[in-house]
There are 2 protein chains.
Amino acid sequence: MMRLSTRGRYGTRLMLQLAQNYKNGPVLLKDIALKEDISTGYLEHLLPPLKAIGLVSATRGAHGGYTLAKPPSEISLRDIVQSLEGSLSPVECLDTPSVCSRVQRCVSRDIWKLLRDSIYQTLESKTLEDLITLQKEKSSHMYYI
Amino acid sequence: MMRLSTRGRYGTRLMLQLAQNYKNGPVLLKDIALKEDISTGYLEHLLPPLKAIGLVSATRGAHGGYTLAKPPSEISLRDIVQSLEGSLSPVECLDTPSVCSRVQRCVSRDIWKLLRDSIYQTLESKTLEDLITLQKEKSSHMYYI
DNA sequence: TACATTTCCTACTGAAATACTAAGATTAGT
DNA sequence: ACTAATCTTAGTATTTCAGTAGGAAATGTA
């Protein structure tokens, strides 16, 4: 159904929280879990991939926590979502041509490639900084919780 | 994982076959199944939604089969994929806001909306006629099966 | 050193979606 | 009647998803 999994969705919310605390020192996962209403246990699964590609760094032990490893302006939504979802290709044959013998003559595959590229482009064009800006604009227009 | 299901993929291949036989009279599902190497049993599941939105018409009984209900130029990939996948929204809350209480203040949702719109746009911009053209171009460059 | 706090890692599990298959009912032409 | 086709419903095996659980490793503090 072409739906983002919870990994991609929760992951961007997690990253937005980290972005909002950039330069405030490490943030506890526990706190993010509380604010975002997601279990810490599940959030823990999202960190390894984000660390692996250098978006997040962690400090273990007491007074530890997680920090953005780069400024919010340098982290795009594509970075986040791709690392957590594994791939943004709408079809497997774009990542692994060997899965299908029709690859060369398949025209629908060409369309899926266009689709993938437009997904890339859309998500690349938005950074965590953009989200923060959006957040601020939004809350200034909200007169209710 | 944001992957198209086989419904969307097989469905576009099915529709391309119908498009290539537009104005040749009804096509047997059996024949399409053979060409595309998909079981007729499974293809049968894809027809009801396509008929429901008026993309395909069927003739039952002997000498029956399926026909495109509109010219290939008037059927976009969005029509096909959306009808078969059910929705093209990367997140459920775009279709059904009531599933999440954070809808109003959620900035990531705004990004998913952008993403959905770019998916719409990409798929709307391609019609079955475009696929046929692409197919022709492609086969003229292929010197092997 | 002992302890508390935190990240890190692995295994497991229930639920849902996916990708089919099967079998017959219905319709239409010959 | 008979044959050829679509139509419809039910069932099932497999995979993916979402989440829990439990403990190991690291780090600061008393």
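Here is how names work: the chains are called A, B, and so on, in the same order as the sequence lines, proteins then strands, and each is numbered from 1.
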Under 4.0 Å protein heavy-atom contacts per nucleotide of nucleotides 4-12 of chain D, with B for base, S for backbone only and - for none: BBBBBBB--

Partners passing side-chain hydrogen bond (donor to acceptor under 3.5 Å, both in side chains) against A:E36 (at least two apart in sequence or in another chain): A:R13, A:Q17, B:R102

For B:K35, all residues meeting side-chain hydrogen bond (donor to acceptor under 3.5 Å, both in side chains), sequence neighbours excluded: none

Pair listing, salt bridge (Lys or Arg N to Asp or Glu O under 4.0 Å) test, anchored in residues 76-96 of chain B, at least two apart: A:R3-B:D95, B:R78-B:E124

For A:S83, side-chain hydrogen bond (donor to acceptor under 3.5 Å, both in side chains) partners two or more places apart: none

When the side chains of residues 55-75 of chain B are checked against the rest of the protein, which donor-acceptor pairs come out under 3.5 Å, sequence neighbours left out?
none

ILVMFWY cluster, B:I53 and B:L128 together (side-chain gap under 4.5 Å): yes

Strand-adjacent residues in residues 79-103 of chain A, judged by heavy atoms under 4.0 Å from DNA chain C: none

Residue pairs passing the ring-ring contact (aromatic ring centres under 6.0 Å, His included) test where at least one lies in residues 68-113 of chain B, sequence neighbours excluded: none

Side chain A:T96, main chain A:C93, donor-acceptor under 3.5 Å: no

Side-chain heavy atoms of A:L84 within contact of A:M15, under 4.5 Å: no

With a 3.5 Å cut-off and sequence neighbours excluded, list the donor-acceptor pairs that the side chains of residues 129-139 of chain A form with protein atoms.
| residue | atom | partner | partner atom | Å |
| --- | --- | --- | --- | --- |
| A:D130 | OD2 | A:T127 | N | 2.9 |
| A:D130 | OD2 | A:T127 | OG1 | 3.4 |
| A:T133 | OG1 | A:E129 | O | 3.0 |
| A:K138 | NZ | B:Q104 | O | 3.4 |
| A:K138 | NZ | B:D110 | OD1 | 3.1 |
| A:K138 | NZ | B:D110 | OD2 | 2.7 |
| A:S139 | OG | A:Q135 | O | 3.2 |
| A:S139 | OG | A:K136 | O | 3.1 |

Value in whole Å for how far the P atom of D:dT20 lies from CG of A:L43: 11 Å

B:D37 CG: over 12 foreign heavy atoms closer than 6.0 Å: no

Close residues, residues 12-20 of chain B, relative to DNA chain D [heavy-atom separation under 4.0 Å]: none

Path from A:M1 to B:L46 over hydrophobic side-chain contacts below 4.5 Å: no

For DNA chain C, the residues among residues 2-10 of chain A that have a non-hydrogen atom under 4.0 Å from it: none

Rounded distance (Å) that lies between atom P of C:dT18 and atom OH of B:Y42: 9 Å

All side-chain hydrogen bond (donor to acceptor under 3.5 Å, both in side chains) counterparts of B:T6, not counting sequence neighbours: B:Y42

